[in-house]
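These notes are about the structure you will find just below.
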Amino acid sequence: MKAKILLIYTGGTIGMIKDLRTGELKSLDFNYVFDHIPELERLHVDLSSISFEKAIDSSDMTYAHWKQLVDIINDNYETYDGFVVLHGSDTMAYTASALSFMLQGLTKPIILTGSQLPIGTIRTDGKENLITAVEIAAAKNADGSAIVQEVAIYFEYSLYRGNRCTKISANQFEAFSSPNYPPLAVAGVTIEYKLDQNLIKKRHVLQVYKNLETRIGLLKIYPGIPFKNYEFLFNVKQFKGIVLETFGAGNAPNNQDMIDLITNYIDAGGIILNVTQCSSGSVRQGQYQTSSFFEKIGVLSGKDMTTEAALAKLMFVLGNYSTREERINKLNLNLVGELTV
Ligand code: ASP
């Protein structure tokens, strides 16, 4: 029996065309993409599609769009075997991270893909990305279960865990990397899946979480940062949680203004998650003197999470758990494969 796949078109470069007057790339509707990939008809899948009312550049994605995606997937979850989300690459890692927390207990694949070149361009990467993403979404084990049972990003011959990805290139076809977690699959002559099927727990039940705390801040520190100028951020009335991007293994300057701001913020109920600015590796608070303060005062280690995953996790945890103890407990755990414990 053919697998039933739902293609969800949100926009992105894949469906854009150059405005000849201004030279800017503008989004077009899904028929444009479909017309350029007649091969989709020849795949051994039963393909249906649904589109955002207006295709958007992924820079325009908001929490509302994430919720819209969650609704589309949830409403169609029983009918389809897998989902492919066509999405701009710029914020794809944020959306993938958010979806991984908002849709838990998946037994079906949700594959996000897009392209660096529009589909109407001769050298487009969009065709391969879309065709292989559909194949992956349709792939099943001998017992009929889906091979991939999570939110993933497929780009340039690699399938990555969605909440481990980050966009690393604005112009290379290899636009994504998953620095702290190996690819789930690599597409060559065949698609080599590297998932440990024993680790995929049997028969989950889908749990949908649409509450997100959106009052979350993000601060990347830099040498000599004038912390006092960031006082507005460390105000728990404005920001319930903050992701702090620190140096190396989670280090920050020994700066009294920072110590005061963070101490008062945490005392007032704020939550701070410490992630590294490095593109790979993990936060290890207390390894250096320059991070011992974080550990003592109750800044939480984001371990090896990407910034995208840390933001999405804070939004999810603060939106769904109310006591400080529960929140801290959840933030320290590996909930959906987003960190290495
Ligand atoms: N600006 C585009 C977007 O994110 C880039 C892309 O699709 O690759 O929508």
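Just so you know, ligand 1 is whichever comes first in the structure, and atom 1 is the first atom listed for that ligand.
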Among side-chain atoms of Glu338 and Ser97, is any donor-acceptor pair under 3.5 angstrom? no

Find out whether Ile272 and Tyr265 are in side-chain contact, i.e. whether some heavy atom of one side chain is under 4.5 Å from a heavy atom of the other. yes

Could you say whether the N/O atoms of His87 and ligand 1 ever approach to under 3.5 Å? no

For ligand 1, which atoms have a heavy atom of Gly12 less than 4.0 angstrom away? 7 (O), 9 (O)

Examine Thr91 against ligand 1 and note whether any of their N/O atoms are separated by less than 3.5 Å. no

I'd like to know whether ligand 1 has Ser115 as a neighbour, heavy-atom separation below 4.0 Å. yes

Which residue owns the protein heavy atom closest to atom 4 (O) of ligand 1, what's the atom, and how far is it? Ser58 OG, 2.5 Å

protein heavy-atom neighbour closest to atom 6 (C) of ligand 1 works out as Thr13 OG1, 2.8 Å

May I ask you to check whether Tyr209 and Phe101 place their ring centers less than 6.0 Å from one another? no

Modelled atom types, side-chain donor and acceptor of Thr107 and His204, under 3.5 Å: no

among protein heavy atoms, the one nearest atom 8 (O) of ligand 1 is Ser89 OG, 2.3 Å

Do NZ/NE/NH1/NH2 and the carboxylate oxygens of Asp29 and Lys54 come within less than 4.0 Å? no

Given 3.5 Å as the limit, does a donor-acceptor pair link the side chain of Asn211 with the main chain of Asn320, or not? no

